[in-house]
Protein chains: 8
Amino acid sequence: MSFTYNRLDKNDVALLMVDHQAGLLSLVRDFSPDDFKNNVLALADIAKFFDIPTILTTSFETGPNGPIVPELKEMFPQAPYFARPGQINAWDNEEFVAAIKATGKKQLLIAGVVTEVCVAFPVLSALEEGYEVFVVTDASGTFNQTTRDAAWDRMSQAGAQLMTWFAVGGELHRDWRNDIEGFGGLLAGHLPAYANLMQSYSQQNQLG
Amino acid sequence: MSFTYNRLDKNDVALLMVDHQAGLLSLVRDFSPDDFKNNVLALADIAKFFDIPTILTTSFETGPNGPIVPELKEMFPQAPYFARPGQINAWDNEEFVAAIKATGKKQLLIAGVVTEVCVAFPVLSALEEGYEVFVVTDASGTFNQTTRDAAWDRMSQAGAQLMTWFAVGGELHRDWRNDIEGFGGLLAGHLPAYANLMQSYSQQNQLG
Amino acid sequence: MSFTYNRLDKNDVALLMVDHQAGLLSLVRDFSPDDFKNNVLALADIAKFFDIPTILTTSFETGPNGPIVPELKEMFPQAPYFARPGQINAWDNEEFVAAIKATGKKQLLIAGVVTEVCVAFPVLSALEEGYEVFVVTDASGTFNQTTRDAAWDRMSQAGAQLMTWFAVGGELHRDWRNDIEGFGGLLAGHLPAYANLMQSYSQQNQLG
Amino acid sequence: MSFTYNRLDKNDVALLMVDHQAGLLSLVRDFSPDDFKNNVLALADIAKFFDIPTILTTSFETGPNGPIVPELKEMFPQAPYFARPGQINAWDNEEFVAAIKATGKKQLLIAGVVTEVCVAFPVLSALEEGYEVFVVTDASGTFNQTTRDAAWDRMSQAGAQLMTWFAVGGELHRDWRNDIEGFGGLLAGHLPAYANLMQSYSQQNQLG
Amino acid sequence: MSFTYNRLDKNDVALLMVDHQAGLLSLVRDFSPDDFKNNVLALADIAKFFDIPTILTTSFETGPNGPIVPELKEMFPQAPYFARPGQINAWDNEEFVAAIKATGKKQLLIAGVVTEVCVAFPVLSALEEGYEVFVVTDASGTFNQTTRDAAWDRMSQAGAQLMTWFAVGGELHRDWRNDIEGFGGLLAGHLPAYANLMQSYSQQNQLG
Amino acid sequence: MSFTYNRLDKNDVALLMVDHQAGLLSLVRDFSPDDFKNNVLALADIAKFFDIPTILTTSFETGPNGPIVPELKEMFPQAPYFARPGQINAWDNEEFVAAIKATGKKQLLIAGVVTEVCVAFPVLSALEEGYEVFVVTDASGTFNQTTRDAAWDRMSQAGAQLMTWFAVGGELHRDWRNDIEGFGGLLAGHLPAYANLMQSYSQQNQLG
Amino acid sequence: MSFTYNRLDKNDVALLMVDHQAGLLSLVRDFSPDDFKNNVLALADIAKFFDIPTILTTSFETGPNGPIVPELKEMFPQAPYFARPGQINAWDNEEFVAAIKATGKKQLLIAGVVTEVCVAFPVLSALEEGYEVFVVTDASGTFNQTTRDAAWDRMSQAGAQLMTWFAVGGELHRDWRNDIEGFGGLLAGHLPAYANLMQSYSQQNQLG
Amino acid sequence: MSFTYNRLDKNDVALLMVDHQAGLLSLVRDFSPDDFKNNVLALADIAKFFDIPTILTTSFETGPNGPIVPELKEMFPQAPYFARPGQINAWDNEEFVAAIKATGKKQLLIAGVVTEVCVAFPVLSALEEGYEVFVVTDASGTFNQTTRDAAWDRMSQAGAQLMTWFAVGGELHRDWRNDIEGFGGLLAGHLPAYANLMQSYSQQNQLG
């Protein structure tokens, strides 16, 4: 069978951040809280860095689910933002889908909480409508590893591609020369092990 | 390839609970007993909440396999109930299949013990007959993680969708506004972490 | 060296439940939520069953830490209850300690959230004052396994005994004949695997 | 897409046991030695129970790889047995393939050590020749979990079905009534947890 | 501080097997069923091999806890056997303690189900009476790893020594020359990896 | 035996940060990089918050071990800082020990990389000199879990107390009323799960 | 569906080693450092043994990513070697692709660091161009297990085959008789457990 | 209580390597084979580097236990070497103990296979005779983690100190200046992650 590599294209992609809310985050247990916070903010930084149209949505944010993570709101003050009145699948919210279509992009990056509902449902809906869908798995969290495994399988079998924020960044950037300083800084800010490499390198250059 | 998202539809789905028996449950070791009991009862509550036709079946319930979990029997007193005389694959029991067909549904939720036999066999049979099949993976248990992984792979490759009870609930409910109180109560009853969110929220409202 | 086995004595023991609050519970990740809820309620049921003086305390319950788990409040409506105005170590609260001393008991069962602070601090204080201290480890939770391991080591080295709710129940009951029905029911309510044994046994007796 | 459930048929299946040799077994670390020994012998017992044509093969059995597990040799004294002179993929051994073809079966159960070589290679060869191939995953072992995961994925993607010995037994037996005593004994011999159920049941019947 | 190595002495040790019953075994989840069955029978074989006085006891064996594992009863037909009428701590049963004292031994090997109750309670009682106590940890099982860790800590801090069946065998045997064939056979029967070594060795000697 | 609870006292404690260097951090694998970075910075923030005398030291910082983590240097610009010329045990560096003694404190908090060397050696030296030593285990890292377990055991048996940064903060602060805002902010900055609680609480108050 | 087994053919395969650099290796945490080093060198030895055209490439080797692992450079002194000026996907480097095409091979073995970027991107590009692609999963490393799982799924769904170095060696060698000594030596050098088998065998032959 | 830090002293320590034999190594499953081989050889290199008297012993090396690991024999051609005729506890072999006493050292490093027998027994015997005993835990292996945990606890409670090869090296070397090149080379040879640091550093110096 022939295979087409639909690479992420920074000019043809939009990001959907679904239900990263303070209350719902307390349910996430397939990542440590430090790791998960870092992953979500890294994805947000990537979207800023590449100027990717980003759409935010929440579910019952004035109830137990709690407010959206404040850092996200601050990072995307102009982004379309939909506080859904009740739809569990964000794709059932007409304004949300209209905003996606308004971007004119055919690739969608999707992340959210919890994986098997808030992520998987719009992923499947978007696939049905013909979008190329990329799940940012490590910026999406849920109750436990078993639930995650089932959700990943369902999305993968439907045709979604499973990625992580670092792979998204690399596939969008394509060439370090497009902005060495900027991309390096982005990585250092979210990969302590890479920041360590840069610090050792930098000191030695000063000493050398 | 084009993809069709066959969403769970509360008007077109039936639930099959296969061999959740006291003896067989002692074999389940891919979940803690507390987690597994909670998952099975959560699935049952979902079926009640959405009024989904539910069919129960057991294998040799007067022998070592033991009686059906009493909570299930109490929750579904009117449900078709088939104590199979010997068939390992419940689908080989004609009355069981007849009851399924009598529901007129084309989507099947299937859960049971043990996963690779009591779940996988009817899953594969139902797929062959053209049903859309959704495995409720966390209400299905078996001997260990290795066995589960193999069983999931076999069912997934055959076309079954791997879900968990929470995803089933969300996909059936579709919109919180259909019954906020009811659905919230269902979640709180089976997700202690969500119940905590609701309690914090509720107290603050009283204090506020 | 000679060893004295200071067995738990239902006539000489009090239970301290420290900071089992809805908000703080969201921090607990060394147990699954289902397991932890079950463990805490099992311990409470044991205290009720053996009529053990129980003292409740909370930390900032009108703030983010949230209200006490409602089941605990309902189970111990008459219990001394101290909403501490700020002391992190409950033992620094004079009313709390006075209530403990008022029980006249020399053995203390202590459980709480989070283990290395809300449990460990009063455990060490109580040891210093000469109490025999028994930590109910599985009704005490914290951020992760590493934190728990460190906290257990500190308490154990200081002389506290590490127990779990089932061991507490068995050591207090001593002989099934003291109340077979009651104690069996308590176990069945919190050990699904034991409930399964009882159901298989019970059915067979009816059939036999 | 339509799906055909090619169920294991005891009249149309052969079993290939590949390189279960004393030396090679020391390399297996994705199962505990007790579990793995039990799984291999359980599979062998199933073959005996259902009278399934079984073919044994070994690789360099007079060298470091060591002799075939003695229990297998004793259980299948009449089985075709091929000590391969050098072929790594058993399917490259013409006598081995001839013996398979001589059985006239179209379904193959394959197990061996190590999974990614001694199992995966003949699995892929057999698939290419049109056989329906079922990997008995828990009677196949290798160096570690990572290696196993990769090998399972390769075989599954090629069309092999991943099973475990218990699922094989159940799918072949189909109905307990075909031989309750025999099949129950087989399970009890290899599932200590099931043997426990039978003993509790049996005693109670004697007492009842 | 000075240390005295109280080695296990086959002439001065007795073995207590506490509550290895079919029902209770279904609760054990800190070992795989295959591993645990092997460990218990290995310990029993060691007792037979060294002719160590062995005492069996059970708790409510005609109820849900179920009958003693039949292999144990067959292996020790003459052993003192106490079906306790209700005492949870076997040491509270006077006949049981009298039988222990009648052996005249000062070292005790103790194993049982579940670890934190049926093992830990008599371990602590025996320590208090001045016995040297050795817990056979891998022939003792319980609900989960957390419970085990707490129970081990309590027993270790009280002065019990934590051992495993293989260490017990080695410390009792002391010198292979006391019975090479016998001890080697015992190991081979319970250590599949060691049996593999012996088979490779044996074949090569025949070929050599 | 009597026990004295030597509580951490903010007026009688000093902090030693040993070898948190960019190169050495690449060796730490018993924590995820995100978790470890957070733990180290949380400990540093605690020292700042309570104005605890802090002493920094490094090993060969101009070689492969790399420079000290830049955040630490920025946070403690005035702290005594010893770039050791070769001593592996920092306590063998006379200036380092002199600086410790100059603080006049009798309690020491120690953290570093790697645990079994850079932490354990000065811990044991300090214990020998009569200090009360508290290991901040989660701000200390090493190659793997096995190495950590051995190092913890050695330090604990010698009399060191195993703590974590959150326990250190709580034991130093003692009473929230000493500075609710400050301490809450410190926790929120390093415990994403606690920050979530505060955000939910805060929003609701605004809405209420 | 029909399946074609495209076996690795030593005459039709090339190996791509992507970004095995000293700095990047510090990011790899889904393998222990000992295991990963061994896996990478084993793959290199296989390429040497079978005389497979090997192409090396690095990313910013004079920056923080660090120099290529020196053993690789020494083993392949004549191999095409491309220090990419900035392309993240090595396939975007025209010289690299030209060198691959110059080999005239249609099968590609690919390994590198990190898996989801440096491996996955060229894997997908090569698949698109019609190559048969085999990922050497255990000579490819990344940040953690979650990231690896996502990367494997993406590559597998696109049609890449997931292998490990031992499977690669076996599939290339096909028959031990092609060079028993050489292949055995290769295995012994990288599989300590196999070396042990050979040593036991060898000694016994000398003694025999 | 006062504590004395008995540091490892290169002039007062001997190393005992017990039963690192090819056959017995196949039983070790608490380390990966790569890791364990590396740990054992690292310990041997340390003994060579510091010129520590080393004593080797084996158990039945002409039988299934197999020959001593050849690298050890080559590294210590002049070392006292005792092929024990049957004693399981090496300390029961008079020549072995005589050789230890002949060294005149009062500190003993002990490593071996399997941990709970071949290591623990001589450890306890040596403690009884007043030696300071240091277990090199990561150069000692056994069947599984449970067995290891029990063995570590027994040795630790008796007064042995649990170390790892890297800690041993650091405590013996004390100061890098004693031999920077030599000690650095030793670490680089056994810590791939440290070798990576050195390579990055070295290249940059050449480029700088």
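All chains are named by letter (A, B, ...) in the order of the sequence lines, taking the proteins before the strands, and each is independently numbered beginning at 1.
Within residues 174-182 of chain F, the residues approaching chain C closer than 4.5 Å by heavy atoms are, in numerical order, Arg174(F), Asp175(F), Trp176(F), Arg177(F), Ile180(F). Residues of residues 13-46 of chain C that come within less than 4.5 angstrom of chain F, heavy atom to heavy atom, are Gly23(C), Leu24(C), Ser26(C), Leu27(C), Arg29(C) in numerical order. Contacts between residues 92-115 of chain C and chain F, counted as heavy-atom pairs separated by less than 4.5 Å, involve Asp92(C), Val114(C).
Residues meeting the salt bridge (charged side-chain N to carboxylate O under 4.0 Å, His left out) test with Glu171(F), sequence neighbours left out: Arg154(C).
Across Ile88(C) and Gly170(F), no two heavy atoms sit closer than the pair CD1-O, 3.7 Å. The minimum heavy-atom distance between Ala150(C) and Thr164(F), with the atom names listed, is CB-CG2, 4.3 Å.
No side-chain donor-acceptor contact under 3.5 Å links Glu116(C) to the backbone of Ala167(F). Counting only distance, with no hydrogens or angles, the side chain of Tyr194(F) and the backbone of Asn65(C) share no donor-acceptor pair below 3.5 Å.
Contact of the Phe166(F) side chain with the Thr142(C) side chain is not registered, since no non-hydrogen atoms from C-beta on lie closer than 4.5 Å. Side-chain atoms of Phe143(C) and Asp138(F), non-hydrogen and from C-beta on, never get closer than 4.5 Å to each other. In this structure, the side chains of Trp152(C) and Leu162(F) stay at 4.5 Å or more apart for every pair of heavy atoms.
In this structure, the separation between OH on Tyr201(F) and CZ on Phe60(C) is 9.5 Å, given to the nearest 0.5 Å.
Contact annotation for Asn144(C): neither backbone nor side-chain heavy atoms come within less than 4.5 Å of a heavy atom of chain F. At a 4.5 Å heavy-atom cutoff, the contact between Thr4(F) and chain C is made by backbone and side-chain atoms alike. Interface remark: Asn89(C) contributes backbone and side-chain atoms alike to the contact with chain F (heavy atom separation under 4.5 Å).
Counting heavy-atom pairs closer than 4.5 Å to chain C, the top residue among His173(F), Gln199(F), Arg148(F) is Arg148(F).
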